[in-house]
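Source: prediction; values computed, not measured. As a basis for the values below, the full set of heavy atoms in this structure was taken, side chains included, without hydrogen atoms, waters or symmetry mates. By convention in this document, chain letters (A, B, ...) are assigned in the order of the sequence lines, proteins followed by strands, and residues within each chain are numbered from 1.
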Number of protein chains: 2
Amino acid sequence: MVRSAIADTALEALIRKLESTSDLTEEERRAIQKLPVSIRPLAPSQDLVADGERPVQCGLLVEGWSYRYKLLAEGRRQILSFHVAGDTPDLQSLHLDELDHGVAALTSCTFALIPHDSLRHLTRTFPDVAALLWRETLIDAGIFRAWIAAIGRRSAYGGIAHLFCELYLRQEAVGLAADHRCPMPVRQTDLADAMGLTSVHINRVLKEMRDADLITFERRELVIRDWKRLCDAAEFDPTYLHLKNLAA
Amino acid sequence: MVRSAIADTALEALIRKLESTSDLTEEERRAIQKLPVSIRPLAPSQDLVADGERPVQCGLLVEGWSYRYKLLAEGRRQILSFHVAGDTPDLQSLHLDELDHGVAALTSCTFALIPHDSLRHLTRTFPDVAALLWRETLIDAGIFRAWIAAIGRRSAYGGIAHLFCELYLRQEAVGLAADHRCPMPVRQTDLADAMGLTSVHINRVLKEMRDADLITFERRELVIRDWKRLCDAAEFDPTYLHLKNLAA
DNA sequence: CGAATGCTTGATCGGTCTCAAGCGAAGTGG
DNA sequence: CCACTTCGCTTGAGACCGATCAAGCATTCG
């Protein structure tokens, strides 16, 4: 386990995320800060963990974007969620041995890896910290539920709008975005695999949204030109994200 | 809190479910048995909890079927999951105050309600029990992920086949099904709202599956006439259910 | 018996897919 | 510094899966 500045930064971010919901005691904070951490940089489309693996550690995303995915026959891919700094996309491996999906880097990104052993010891010692981590996985599940409704009962237009609303708010919540603009380093094929559509159709819908002056893109950044109308198009209700400060 | 035979039965079922994964100590078992429980029968399509509510208890399904759902404009409905005896469809309310979806009865059914306070006390006292309940919610999330891939990147035929595979195995795992036949009290509209399709199309696909001699229905019971071919059509991989005894 | 509910089927429509081609930007190597 | 390749975005034409609208039928239940 290498102890580095980036490791400390990662754990600070984790603490801040947990404290955004609830207070930690000094003791709990210290215990988290003392977690052993190793750093793992990933190149775009490289796997953090593959489908079927049995990880012995959890990845905390420190920088860049990653995504969860499943592969099907004939090269079909379903993206299950996108992740930004502060997320822990394989936290569930703490209690489910075998992974039912892969986690890969969307952009170049950096993970902080925390051994299961240490996390289990932490959660056994501090039930309140366990509850907070549990809560993180529950919010994750809420995001999946919203994703199901986005794909299942929304038009392509509405579903994509919903995704944009979510990704903007999640980034705003952790200080990665403001002013209705946020990083959006996804390719149109990624959007397609997220929404269960083809990239050709994604392209046409995005053009429609641009023509409607809802959004624009500026160098891998999403610019939301009319937040209210975007939310309406998405039938967006942010409850499921369980954010404290809903500035937007 | 009424103490009744059905309450004891409900908690026994919960204990059996938790023990199917891991062992409980005598003390833990006793603590669960002592949980206060009230019984709540529901008529078909009646809500256990509505979207936006802040429950102060969790429902353990004792008998019958229920489902999670979200409503959208113009009467659109997305069903997020189906539930059978032993499931706890609003367990997440233990750590997420506001519900982001409704839970309703599909058939007449019975819930055992356990106060959050008692569950919190239990999980704080017994970290291993907390871990097991946490695990339940993680499997739930895995089911959502599978559902996303079923809707997003499978044909109607494949998606419905996937749903049937899942619902059969989940029932088999808790002793509610065997011999490739299981209760399936869902109407075609329910299937439609689960898969993001119309009931008309569901009807046609079911006819196709019957014609292919994959399945039949006998009085609200699904009969799987060719498990292997059904799994193939579904591209079904049961890993995500994390079942111990995969007889099928 | 009538009403309600859910299943079935037909005809037609439309949203999304498929196949195909062209374009621009960003590397990469000579 | 300029081919050359690669990758992602864009657009068109035609096909298809699933939606919509509509009607009839069977079963259940009051």
N or O in side chain of B/Asn203 less than 4.0 angstrom from C/dT8 OP1/OP2: yes
Closest to side chain of A/Leu197, choosing from C/dT18, D/dC9, C/dC17: C/dC17
Candidates C/dT18, D/dA19, D/dT11 - which lies nearest the side chain of A/Thr198: C/dT18
Sugar-phosphate only, base, or nothing, as touched by B/Arg219 at under 4.0 Å among non-hydrogen atoms: nothing
Side-chain N or O of A/Gln188 closer than 4.0 Å to phosphate OP1/OP2 of D/dC7: no
Separation of atom CG in B/Asp211 from atom P in C/dT8, rounded to whole Å: 11 Å
Heavy-atom check, side chain of A/Tyr157 versus side chain of A/Glu208, under 4.5 Å: yes
Length of the line joining B/Ile160:CD1 and D/dG18:C1', which is rounded to integer Å: 11 Å
side-chain hydrogen bond (donor to acceptor under 3.5 Å, both in side chains) partner of B/Arg68, the single match among B/Asp100, B/Asp140, B/Asp51, B/Asp90: B/Asp140
Among D/dG18, C/dG6, C/dC17, the nucleotide that comes nearest once only the side chain of B/Arg187 is considered: C/dG6
Sugar-phosphate only, base, or nothing, as touched by B/Val205 at under 4.0 Å among non-hydrogen atoms: nothing
Geometric class of the A/Trp147/A/Phe82 ring pair [parallel <30°, tilted 30-60°, perpendicular >60°]: tilted
Parallel, tilted or perpendicular: ring planes of A/His180 versus A/Tyr168, cut at 30 and 60 degrees: tilted
A/Arg220 or A/Arg204, whichever maps to the more 5' nucleotide of DNA chain D: A/Arg220
From C/dT16, C/dT8, D/dT11, nucleotide with atom closest to A/Ser155 side chain: C/dT16
Nucleotide C/dT5, atom C1' - distance to CG of B/Asp190 in whole Å: 12 Å
Sugar-phosphate only, base, or nothing, as touched by B/Gly159 at under 4.0 Å among non-hydrogen atoms: nothing
Between D/dC9 (P) and A/Met184 (CE): distance, integer Å: 13 Å
Which nucleotide in C/dA20, D/dA22, C/dT16 has an atom nearest any side-chain atom of A/Ala156: C/dT16
Whether B/Tyr67 and B/Tyr69 hold their rings parallel, tilted or perpendicular, with breakpoints at 30° and 60°: tilted
For atom CD1 of B/Ile151 and atom P of D/dG18, their distance in whole Å: 13 Å
Whole-Å gap separating C1' (C/dG6) and CG (B/Leu106): 13 Å
Whole-Å distance separating the CZ atom of B/Arg153 from the C1' atom of C/dT16: 11 Å
Nucleotide C/dC7, atom C1' - distance to CZ of B/Arg210 in whole Å: 9 Å
